Amino acid sequence: MADSMVERGTALLRKLEINVAEAEKRTGKNTVNMQETYTVYLIEIRPAETEGGTPAAPDTLWRRYSEFELLRTYLLVTYPYIIIPPLPEKRAEFVWHKLSADNLDPDFVERRRVGLENFLLRVASHPVLSNDKIFFLFLTEEKGWRDAVLETGFQDKADSRLKSLSAMFRVKNPDKRFTALKQYSDELNSIISQLLRIRARVADRLYGVYKVHGNYGRVFSEWSAIEKEMGDGLQSAGHHMDTYAASIDDILEEEEHFADQLKEYLFYTDAVRSVCRKHELIQYELEMAAQDLVQKKQQKEELATGTVRIFSLKGMTSKLFGQESPEQKESRLAALEQSIQEGEETVKEKNTECQEFVRAAWDDIERFKEQKDKDLREALISYAIMQISMCKKGIQVWSNAKECFSKM
Amino acid sequence: MRQHMYTQHFGRKTRTLANTQLYCEQQRRFRAKSNVTDRSFYFEIRYRKWHPRRASECGCCVELRWKFVFSKSPELRAMSGHTVPADFSEHMLDLDEDEDLEVFTKNTSLPDGSPMPNSPSSMVNQYRLEDDDEGQEVANTKDIFVTVDHPESQVTAIETFVLYRVVTRTTRSDFDSSEYEVRRRYQDFVWLRSKLEEKHPTLIVHPLPEKFVMKGMVERFNDDFIETRRRALHRFLNKISEHPILSYSQHFQVFLTAQDLAPHRKQGPGFLSRMGETVRAVANSVRGLKSRPEEFAVMQEYVDDFSNKMCCMDKVTQRIVKEQREYVDELKQYSPTYARWGELEEDLTEPLKGMASCVVQCSKEAEEHIQHLSEVLVPALHEYVLCAETLKAVMRRRDNIQAEFEAKNEALLTRKVEQEALQEEVDVLADRMEQANNSLKGDWLRWQRSMKTDLRSAFISAAEKNVEYYEKCLAVWESFLVSQRADSSGGQEDVA
């Protein structure tokens with residue numbers, strides 16, 4: 001997967017090679033001054049290999065998961081029309097029983113390291129995101145990065161974004177494409193979650209099947225001790241049963257990789273969803289602005305002509321409490337005029353914003369669709385390869401066992 | 001190769017060859033020692049029927065072969081492989097226990113090519129060691145074929161039960177016809193087995209399938225249960241028909257041939273004698289055994305260990321079947337989800353539908369695999385769990401016979417009166433004990449071989465089926481891979 005991303009050749013990736021090489025445990029004081037243990041990851045940056053040159057020593061820095069999260073939040077806020085690549089999961093989910101859900105478990109840490117590298121490469125291979133300054137600083141500036149991010153002031157936007165994401169509103173004329181995309185994304189989310197749940201259960205069961213064969217190994221071995229002729233055959237068959245039972249660990253470890261690929265796209269659906277939501281918000285704001293403008297124009301008309309076509313409080317009160325004076329009317333008209341002009345500006349802005357957003361978003365969505373199809377196709381192929389390897393192992397073991405039985 | 005056989009002890013009455021009442025079996029061999037000279041020898045007798053006449057007068061089917069055992073007598077050694085000296089009919093033969101059983105071929109002609117004479121006075125023996133083929137021994141000599149099939153429910157006013165059809169084909173002359181078809185119920189099989197055990201307490205009579213299945217709620221008339229039972233009954237009768245002694249049992253013949261078994265079932269010692277045996281057995285076990293002969297002590301230990309191992313194997317196999325069933329149930333969930341996903345996508349539809357189909361095929365293969373395990377390995381192991389119980393019972397009966405002898409012998413040694421009568425009884429019991437021990441020893445080797453063959457073939461079959469399962473799944477995934485690579489441009493390298 002890394003190779004194919006590099007192939008896409010952004011300017012950044014042409015210059016640099018990016019790795020998340022290691023993970024290390026650290027302890028330190030956290031924000032509430034309590035001791036905590038956390039993991040840091042080593043990011044290695046090398047200039048991309050030039051012909052005939054020996055690879056230079058890498059620049060390195062350490063980052064912890066929360067810093068990655070910060071980076072991603074920044075990207076989400078700054079590029080709301082881009083489907084931002086997801087981070088590997090914060091906590092282990094969809095686990096089957098043998099895997100621990102502990103964040104400090106070495107296998108989990110290792111898979112997370114791979115996931116973080118994947119994240120960096122996704123960003124670095126993105127035509128838009130790879131040019132971001134803050135991202136570049138993330139890769140190069142260990143100490144000063146945090147300040148640089150905060151200086152962008154993205155936090156404020158972050159808060160309002162969160163609010164908007166959770167707000168309930170209805171758009172009058174939803175864009176059909178975005179509606180379809182959102183539905184697709186929700187459905188995909190549900191499907192992949194289902195697949196991951198099934199996978200965890202199947203893994204559990206398969207583990208059970210293989211491990212019980214280990215009992216055969218033990219019984220054959222004990223049985224061989226009391227037999228004369230059959231003893232050797234039983235003993236060696238038992239050995240093969242042990243091999244069979246042990247092989248499941250590697251098999252499921254490999255399958256974990258497939259699950260991680262699915263998980264990435266599960267989290268991608270969240271990113272797609274948030275782009276759709278952002279569009280809805282912009283659309284809504286546009287509609288609100290347009291509606292507001294229409295209302296104001298009508299109010300002006302009413303004021304000018306004196307007719308009340310639409311119920312308004314002002315109209316009612318003036319009816320009840322009498323008309324206002326011509327001066328008042330004039331000033332109100334002027335204020336409305338002003339407001340209308342501002343409103344028209346706003347609508348124009350919002351329109352532009354919306355159109356820009358739609359254009360940029362659909363660019364990225366098309367790119368994403370292509371990426372998704374390619375990646376998932378590859379994931380399915382590598383799953384098939386894994387299954388084939390598992391079958392070959394099975395054939396090997398059982399052929400050996402059969403030979404042992406034949407020699408009994 | 002050597003063919004293994006076993007000896008039969010005849011007891012005092014039958015020691016004189018001339019007066020021998022021989023139980024006719026297909027092949028029988030014993031070692032005898034003359035009380036006149038120091039000679040001992042093996043001879044093999046092949047009969048097909050009861051011949052209450054003197055062996056020397058039995059013309060139609062006696063073939064006697066002799067082998068001279070290396071003995072102390074130099075004359076005897078010199079005679080090895082040559083003609084037998086004259087008349088044995090006056091010799092009193094002391095029949096010994098055997099050591100290591102050896103084999104004879106069925107060489108029915110003399111070295112000069114003339115046919116083997118059939119009177120003891122001019123018997124000539126030649127023997128050859130041949131390659132052993134345990135399977136062939138049975139196949140070559142098999143002259144009776146039994147099948148159990150066509151189970152049918154019978155409903156009467158009192159009860160419901162299943163009748164099985166038992167078909168026999170045979171060329172044996174003690175059967176009036178060459179083909180028989182009868183209907184038998186489970187109880188009839190139980191009767192047959194108990195009669196065989198009664199007559200041959202220290203032979204290893206193959207077990208019957210259990211009366212009830214403890215685990216789970218299995219109806220007696222559930223199709224699977226009936227089929228499993230039918231197969232086990234078929235195996236039972238085949239094991240009996242392959243047994244060199246049991247297959248000639250009168251009860252066995254009656255079982256196979258009588259249209260109505262009821263009148264035969266009423267005869268015989270039956271319940272009361274079984275009671276008597278049980279009482280004696282309990283009494284003896286209370287008294288305890290003085291000491292078990294070394295070989296039977298070893299046998300007992302083996303039987304206990306074997307029983308343990310079989311129970312473990314049975315449990316492990318059943319657990320594997322259970323785990324695999326649960327695995328398949330979960331696996332099946334994949335395919336509707338992949339199918340649903342395929343509907344959702346545009347460009348990915350094809351590979352996703354391919355995945356769904358692969359999973360469906362692999363689940364089918366897994367189900368077939370489970371089916372095979374349940375039909376082959378599980379019953380085979382279970383059968384030997386039951387065999388282990390049979391072996392324990394045989395050991396117990398042998399112990400009891402020894403205990404009875406020891407008790408009487410002790411009485412003989414301690415009591416002053418009735419010495420003669422007691423001596424008689426002790427002799428009878430001593431004979432009985434020797435006979436029992438020899439039967440067991442002979443049958444033991446036979447059983448071991450049979451066990452090895454049966455279990456080996458069951459394990460091989462299970463291993464083959466595993467290989468087949470993985471091969472089929474491999475094919476499924478490989479064809480998926482091929483179809484995907486054909487579509488996508490520039491495939492990846494194959495990962496071994």
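Note that the coordinates shown come from a computational prediction; the quantities given were computed from them, not determined experimentally. Throughout, a chain's letter reflects where its sequence line sits, starting with A, and its residues are numbered from 1.
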Name the orientation class of the two ring planes belonging to Trp341(B) and Tyr338(B) (parallel below 30°, tilted from 30 to 60°, perpendicular beyond 60°). parallel
Between Glu375(B) and Gln371(B), is any side-chain donor less than 3.5 angstrom from a side-chain acceptor? yes
Scanning both residues in full, the closest heavy-atom pair of Ile251(A) with Lys393(A) reads CG1-NZ, 4.1 Å
When every non-hydrogen atom of Arg446(B) is compared with those of Glu242(B), the smallest separation belongs to NH2-O, 2.6 Å
Does the side chain of Leu348(B) come within less than 4.5 Å of Arg377(A)'s, by heavy atoms? yes
Does the side chain of His382(B) pick up a donor-acceptor pair with the side chain of Gln318(B) at under 3.5 Å? no
Return the option, out of Val219(A), Asp373(A), Ile192(A), with the maximum number of heavy-atom pairs under 4.5 Å with chain B. Asp373(A)
Top of Lys472(B), Lys322(B), Glu464(B) for chain A proximity - count of heavy-atom pairs under 4.5 angstrom: Glu464(B)
Which bit of Tyr334(B) is near chain A, if near means a heavy-atom gap under 4.5 Å: side chain, backbone, both or neither? both
Checking Thr317(B) against chain A: side chain, backbone, both or neither under 4.5 Å from a heavy atom? both
Among the options Met355(B), Glu323(B), Glu468(B), Gln333(B), pick out the one with the most heavy-atom pairs lying under 4.5 Å from chain A. Glu323(B)
Look at Arg319(B), Gln448(B), Glu345(B) and state which one has the largest set of heavy-atom pairs under 4.5 Å with chain A. Glu345(B)
Please rank Glu471(B), Glu301(B), Lys465(B), Lys315(B) by heavy-atom pairs under 4.5 Å with chain A and give me the top one. Glu471(B)
Relative to the ring of Phe368(A), is the ring of Tyr265(A) parallel (under 30°), tilted (30 to 60°) or perpendicular (over 60°)? tilted
At a heavy-atom separation under 4.5 Å, does Phe306(B) approach chain A through its side chain, its backbone, both, or neither? both
Just so I understand: if I count every heavy-atom pair under 4.5 Å between each of Glu227(A), Lys369(A), Lys211(A) and chain B, which residue has the most? Glu227(A)
When you check the side-chain N and O atoms of Lys239(B) and Ser450(B), is any donor under 3.5 Å from an acceptor? yes
Using a cut-off of under 4.5 Å for heavy-atom pairs, which of Ile198(A), Leu188(A), Asn215(A) has the most such pairs with chain B? Ile198(A)
Tell me which of these, Ser190(A), Gly233(A), Ala384(A), has more heavy-atom pairs under 4.5 Å with chain B than the rest. Ala384(A)
